[in-house]
Amino acid sequence: MAIDDTDDLESAGTGHVLEDFRSLAASKGIETQAISRHQLYFHEDVPYTSHNSSMCTEADIPKELVPELIRLAVSHLESSCAQGSDPGLCVLCPEDIPDIAGLIAFGRRAKTGLLTKKEAYDTAKDRNIHLSEHGGTGMGVIGALAGAALRVFGFDGRVKGKVKAGEDGETMPASELLLRTGFSRIMAVCGDEIRGDENITLTEGLIKAVRMNWKSTIIVAPAYGGKGYITLTKQQLRVY
């Protein structure tokens with residue numbers, strides 16, 4: 001499930017809208033996963049506020065509960081999104097989608113160029129995807145579909161928020177860092193997975209993860225001097 005509400009500078013933001021929805025869903029017995037933020041194309045013709053990003057989460061629920069999930073999401077969007085915004089909602093089950101490569105291609109195109117509502121609806125058509133607009137111009141359907149597609153792709157996006165893992169400059173084994181953060185894996189910038197007793201030094205005490213190989217992943221770089229690894233800064237993570 002993904003939303004894009006093209007909020008305004010005074011509103012709480014798309015991520016907060018989806019985070020509030022996660023709490024609402026939990027109160028109804030529907031548990032969801034951590035939110036991923038997917039950066040889309042910057043252009044003056046795109047009606048974004050500051051980042052042009054889409055927010056996405058997952059829910060592990062029986063298919064018969066999907067209509068209830070959609071109903072809850074629609075009600076929440078229409079009551080929570082900023083006045084004058086253009087909310088879009090996308091809900092899909094990856095295993096039900098024929099030509100999933102075409103869906104992923106749409107998401108990847110949304111990162112590098114301009115797309116239209118017609119292209120979004122044409123992509124969703126005949127793929128068992130719920131795509132709907134809930135105010136304003138409805139342009140948010142483009143970002144909502146793109147965000148869901150990129151979550152399915154599994155190699156895009158940053159996990160919303162940061163987790164306190166320790167103090168700036170603190171060093172610990174990779175296994176301890178995973179235990180403290182609850183994230184799934186640690187990966188070096190070269191692509192190697194870091195495990196066990198490999199030492200990781202925290203550049204910052206607050207750790208942010210990205211989505212790689214469908215998992216929440218901490219990215220690290222070789223430490224100065226070649227011993228162990230260091231976590232990346234928020235600025236360095238912007239390439240993901």
Side-chain angles (χ1 to χ4, degrees), residues 2-19 33-44 46-57 107-113 143 146-147 149-151 153-174 176-195 198-240:
I3 65 170
D4 187 342
D5 70 346
T6 62
D7 51 11
D8 57 43
L9 291 172
E10 285 73 41
S11 65
T14 309
H16 289 286
V17 171
L18 188 53
E19 199 66 73
Q33 296 183 15
I35 295 170
S36 55
R37 174 190 178 277
H38 301 274
Q39 180 62 55
L40 306 180
Y41 187 50
F42 280 114
H43 192 276
E44 61 184 7
V46 178
Y48 64 87
T49 49
S50 58
H51 301 297
N52 190 28
S53 58
S54 178
M55 300 288 179
C56 189
T57 187
R108 299 187 74 178
R109 284 169 56 210
K111 295 181 70 69
T112 59
L150 290 166
R151 179 100 177 198
F153 175 50
F155 290 82
D156 184 86
R158 300 197 292 273
V159 178
K160 181 180 179 293
K162 294 182 178 182
V163 175
K164 179 71 172 177
E167 302 302 322
D168 296 4
E170 184 177 352
T171 299
M172 67 191 72
E176 177 66 19
L177 180 56
L178 291 177
L179 184 64
R180 291 189 188 187
T181 60
F183 294 137
S184 300
R185 61 200 286 260
I186 302 172
M187 189 182 78
V189 291
C190 66
D192 292 341
E193 187 163 356
I194 309 301
R195 303 180 181 179
E198 289 273 18
N199 279 333
I200 311 291
T201 298
L202 306 183
T203 303
E204 301 169 342
L206 293 171
I207 298 296
K208 194 167 185 65
V210 302
R211 294 267 303 173
M212 295 293 291
N213 197 30
W214 297 278
K215 295 179 180 180
S216 56
T217 303
I218 300 169
I219 305 295
V220 297
Y224 305 112
K227 294 184 178 180
Y229 296 85
I230 57 173
T231 58
L232 301 191
T233 65
K234 179 180 178 180
Q235 185 69 27
Q236 291 171 321
L237 283 172
R238 287 184 177 177
V239 300
Y240 292 92

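Along the sequence shown, the residues carry numbers beginning at 1.
The line from CG of Leu177 to CD1 of Ile194 is 11.5 Å long, rounded to the nearest 0.5 Å. Expressed to the nearest 0.5 Å, how far CD1 of Ile3 lies from CD1 of Ile35 amounts to 7.5 Å. In this structure, the separation between OG1 on Thr181 and CD1 on Ile186 is 7.0 Å, given to the nearest 0.5 Å. For the atom pair CG (Leu202) and CG (Asp168), the distance works out to 8.0 Å, reported to the nearest 0.5 Å. Remark: Leu237 CG to Leu232 CG distance equals 5.0 Å, nearest 0.5 Å.
Residues forming a side chain to side chain donor-acceptor pair (under 3.5 Å) with Thr57 (at least two apart in sequence, or on another chain): none. Under the side-chain contact (heavy atoms from CB on, under 4.5 Å) criterion, Ala149 pairs with Leu103, not counting sequence neighbours. Scanning for side-chain contact (heavy atoms from CB on, under 4.5 Å) contacts around Glu176 gives Met172, Pro173, Leu179, Arg180, with sequence neighbours left out. For Gln235, the side chain to side chain donor-acceptor pair (under 3.5 Å) test picks out Arg238, with sequence neighbours left out. Every residue was checked against the ring pair (Phe, Tyr, Trp, His ring centres under 6.0 Å) condition with Phe183, not counting sequence neighbours, and none meets it. Residues satisfying the side-chain contact (heavy atoms from CB on, under 4.5 Å) test with Lys227, not counting sequence neighbours, are none. Shown here are the side-chain contact (heavy atoms from CB on, under 4.5 Å) partners of Ala110, two or more places apart in sequence or in another chain: Leu40, Leu115, Ala146.
Pairing each heavy atom of Ala223 with each of Ile230, the nearest pair is CB-CG2, 3.9 Å. When all heavy atoms of Tyr229 and Ala188 are compared, the pair lying nearest together is CE2-CB, 4.1 Å.
Residue pairs satisfying the side-chain hydrogen bond (donor to acceptor under 3.5 Å, both in side chains) criterion with at least one member in residues 214-223, sequence neighbours excluded, are listed as follows: Ser184-Ser216, Arg185-Thr217. The stretch residues 201-212 participates, sequence neighbours left out, in these salt bridge (charged side-chain N to carboxylate O under 4.0 Å, His left out) pairs: Glu58-Arg211. Under the salt bridge (charged side-chain N to carboxylate O under 4.0 Å, His left out) criterion, the residue pairs touching residues 154-163 are Glu19-Lys160, Lys111-Asp156, with sequence neighbours excluded.
The shortest distance between side-chain heavy atoms of Asn213 and Phe155 falls below 4.5 Å. The shortest side-chain heavy-atom distance between Val189 and Ile219 falls under the 4.5 Å cut-off. When side chains are defined from C-beta on, Arg37 counts as touching Met55, because their heavy atoms get closer than 4.5 Å.
With Ser54 contributing its side chain and Asp4 its backbone, the two residues share no donor-acceptor pair below 3.5 Å. One N or O on the side chain of Thr231 and one on the backbone of Thr203 form a donor-acceptor pair closer than 3.5 Å.
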